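In what follows, residues are counted from 1 in the order of the sequence shown. On a predicted model such as this, the values are computed, not experimentally measured, just so you know. Hydrogens, waters and symmetry mates are skipped; everything else that's a heavy atom, side chains included, is used.
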Amino acid sequence: MTFIDLRSDTVTKPSAEMRKAMAEAEVGDDVYQEDPTVIELEKLSAEIMGHEAALFVCSGTMGNLVSLLTHCTRGDGAILGINSHIYVNEGGGLSALGGLVPLCVNDDEGIPKPQDVLSYCRPKNVHHAPAKLLCLENTHNACGGVAISPEAFSSMVDLAKSKGLSVHLDGARIFNAAIAWEVEPATYARLVDSVQFCLSKGLGAPMGSVICGNKSYIERARHWRKRVGGGLRQAGVVAAAGIVALKGYRDLANDHEKAKILRDRLANGGVKIAEVSKPTNMVYFEVKDALDVALLAERCKQRGVLFNPTPKKIRLVTHRDVSFEDVEKAAKVILEELRK
C-alpha cells in the first residue's frame with residue numbers, strides 16, 4: 001500500500017537533485033573547519049538570516065541545546081513558552097545538560113504576553129534564578145503551526161532587550177513563517193541574538209540544522225557543539241542537500257496551499273478545525289477522547305492515510321512528498337471514517 005503520510009514534514013525524502021549534490025559533494029574534516037561544502041552551507045545560511053556566521057549541527061534539538069548553553073551558565077533562567085518545543089519535546093536537555101532553569105510563560109497564542117515576560121525580569125535577588133534569555137518559536141508547532149507576525153515578533157524582542165535579556169529563536173520552520181507573511185526570513189532572524197532552523201523538515205534535506213549569530217557567538221557555540229558530541233567530519237555529504245534545500249525554500253508555499261485545501265475540505269465536512277490567526281502547513285482538529293483518536297488513526301492507516309494519534313487532538317502536516325491529489329484523498333478518508 002502507498003501511504004499518504006501526514007505525520008510530520010520530517011518524513012520527506014531527499015530529492016533527486018539533493019541526492020546528486022550529495023554524491024558529488026566536495027568534503028573535508030569539519031572539526032578542522034576544512035569541509036568546503038559545510039563552509040558554503042554556513043555562509044549561505046548566515047546571509048539568508050542576516051547574521052555574521054553560522055554553524056551546522058546534527059538536529060534541531062541539538063541546535064537549540066547548543067544555542068542555550070552558549071547563552072547561559074548553570075543556574076541561569078531561560079524564559080520560554082509552556083507549549084514550546086524546547087520545553088515539551090527536547091528531553092529536558094536545557095536542565096539535564098545545562099543546569100538551566102526553565103521560566104515558563106503562557107504562549108497559547110504562539111508568543112508570550114509582555115506582562116508574563118516582565119514578571120521574570122525581576123530585580124537581582126539571591127532567591128531567584130536570574131533570567132538571562134528569552135526563547136521564542138516561529139512558526140509555533142504546538143499552537144497550530146501559527147506564523148507570528150513580524151510586528152508582534154519585533155515588539156517582543158524589543159521588550160526583552162530593553163530588560164537586558166538575550167533572545168534565541170527556535171526557527172525550526174522559520175521559512176514557513178516568512179512565506180506566510182510574505183517577508184524574508186531575516187525579517188525575524190536578524191532581530192535576535194541567535195536563531196536555529198531545520199533543514200530536515202519541510203525543506204526536505206535528510207538531516208541537519210543550522211545556528212546563526214555573530215562571529216563570537218558562533219565560535220563559542222562550536223565549542224559547545226563539540227562538548228555535546230556534535231563534532232562532524234566529512235559532513236559535506238549531507239550539507240550539500242541543505243544547500244539545495246535553502247535555494248528552493250520558497251516552494252514551501254505549496255505546502256501551505258495543500259494545508260488550506262485539507263483544512264477547507266474537513267471544515268466543510270463538519271470537522272471543528274482549530275482556528276489559527278496565520279496558518280502554515282499544519283491542520284489541527286479535536287475529537288472526543290484519546291480512544292477515538294487512536295481508533296480513527298488506525299482506521300485511516302488501514303486506508304493508507306497516516307497521522308500521529310495524540311490525546312484528543314490530531315495534527316496533519318503537509319509537505320512536498322504529499323501531492324494536492326493526496327490531500328483531497330486524505331480529507332475524504334478522514335471524513336468517511338469520522339462518520340462511522
Distance from L232 atom CG to D29 atom CG, nearest 0.5 Å? 9.5 Å
Please report the closest heavy-atom contact between P102 and L94, naming both atoms and the distance. CB-CD1, 4.4 Å
Check: S155 main-chain N/O paired with D158 side-chain donor or acceptor under 3.5 Å: no
Do V183 and Y249 belong together in a cluster built from hydrophobic side chains that touch within less than 4.5 Å? yes
Can you confirm whether more than 12 heavy atoms, excluding those of K332, are under 6.0 Å from its NZ atom? no
Polar contact flag, side-chain donor to acceptor under 3.5 angstrom, Q234-D35: no
Would M18 and L203 show up in the same hydrophobic cluster when neighbours are defined by side-chain heavy atoms closer than 4.5 Å? no
Hey, could you give me the NZ/SG distance between K132 and C72, rounded to the nearest 0.5 Å? 7.0 Å
Any side-chain to backbone donor/acceptor pair from R299 onto I334? Under 3.5 Å, distance only. no
Please check this pair: side chain of T12 against backbone of K201, looking for a donor-acceptor N/O pair closer than 3.5 Å. yes
Output, in order, the C-alpha distance, side-chain angles, deciding distance and verdict of side-chain contact (heavy atoms from CB on, under 4.5 Å) for H85 and E137. CA-CA 8 Å; H85 196 276; E137 184 174 337; 3.7 Å; yes
Considering residues, nucleotides and ligands other than E275, do more than 12 of their heavy atoms fall under 6.0 Å from its CD? no
Counting N and O atoms only, with roles assigned by atom type, does the side chain of S8 sit under 3.5 Å from a partner on the main chain of V11, one being a donor and the other an acceptor? no
Joint hydrophobic cluster, M156 plus V167, side-chain heavy atoms closer than 4.5 Å: yes
Just verifying a value: how many Å separate R7 CZ and D5 CG, rounded to the nearest 0.5 Å? 4.0 Å
Inspect the surroundings of CD in E109 and state if more than 12 heavy atoms from other residues, nucleotides or ligands are less than 6.0 Å away. no
Give me the ring orientation class for Y188 and F153: parallel if the planes are under 30° apart, tilted from 30 to 60°, perpendicular past 60°. perpendicular
Given side-chain contact (heavy atoms from CB on, under 4.5 Å), test K278 with W181 step by step and report yes or no. CA-CA 8 Å; K278 180 66 76 169; W181 285 100; 3.5 Å; yes
Is the shortest side-chain N to carboxylate O distance from E257 to K260 below 4.0 Å? no
Does Y87 have more than 12 heavy atoms from other residues, nucleotides or ligands lying within 6.0 Å of its OH? no
From I4 atom CD1 to D321 atom CG, the distance as rounded to the nearest 0.5 Å: 12.5 Å
Heavy-atom neighbours of K163 NZ exceed 12 at 6.0 Å: no
Has H51 got a side-chain atom pairing as donor or acceptor with A189's backbone, closer than 3.5 angstrom? yes
Side chain of S209, backbone of G60: donor and acceptor closer than 3.5 Å? yes
Quick one: does any side-chain atom of T70 pair with a main-chain N or O of V66 as donor and acceptor, under 3.5 Å? yes
Counting only N and O atoms by type, is there a donor-acceptor contact under 3.5 Å from the side chain of D107 to the main-chain atoms of G110? no
Output, in order, the C-alpha distance, side-chain angles, deciding distance and verdict of salt bridge (Lys or Arg N to Asp or Glu O under 4.0 Å) for R250 and E182. CA-CA 10 Å; R250 287 179 175 82; E182 298 182 351; over 6 Å; no
I'd like to know whether CD of E17 has more than 12 heavy-atom contacts from other residues, nucleotides or ligands below 6.0 angstrom. no
If you round to the nearest 0.5 Å, how far is CG of L68 from CD of Q196? 10.5 Å
Would one find more than 12 heavy atoms of other residues, nucleotides or ligands at under 6.0 Å from atom NE2 of H223? no
Atom CG of L118 and atom CZ of R122: how far apart are they, to the nearest 0.5 Å? 12.0 Å
Taking 4.0 angstrom as the limit, do R173 and D9 come out as a salt bridge? yes
Does this structure show an ion pair linking K20 with E24, if we count only N-O contacts that are shorter than 4.0 Å? yes
How are the rings of Y217 and H71 set to each other: parallel, tilted or perpendicular (split at 30° and 60°)? tilted
Over all atoms of both residues, closest heavy-atom pair of A180 and P279: CB-O, 4.3 Å
Cluster overlap L169 with L103, hydrophobic side-chain contacts below 4.5 Å: yes
Salt bridge K272-E286, side-chain N to carboxylate O under 4.0 Å: no
Could you work out, with salt bridge (Lys or Arg N to Asp or Glu O under 4.0 Å) as the rule, every residue matching D255, not counting sequence neighbours? K258
Hey, does the side chain of S67 reach the backbone of G63 with a donor-acceptor pair shorter than 3.5 angstrom? yes
Inspect the contact between R303 and E336 and indicate whether a charged nitrogen and a carboxylate oxygen are less than 4.0 angstrom apart. yes
So does E298 have more than 12 non-hydrogen atoms from other groups sitting under 6.0 Å from CD? yes
For D30, is there an ion pair with R225 - N to carboxylate O distance below 4.0 angstrom? yes
Hydrophobic clusters here meaning ILVMFWY residues chained together by side-chain heavy-atom distances under 4.5 Å, can you tell me if I174 and V317 are in one? no
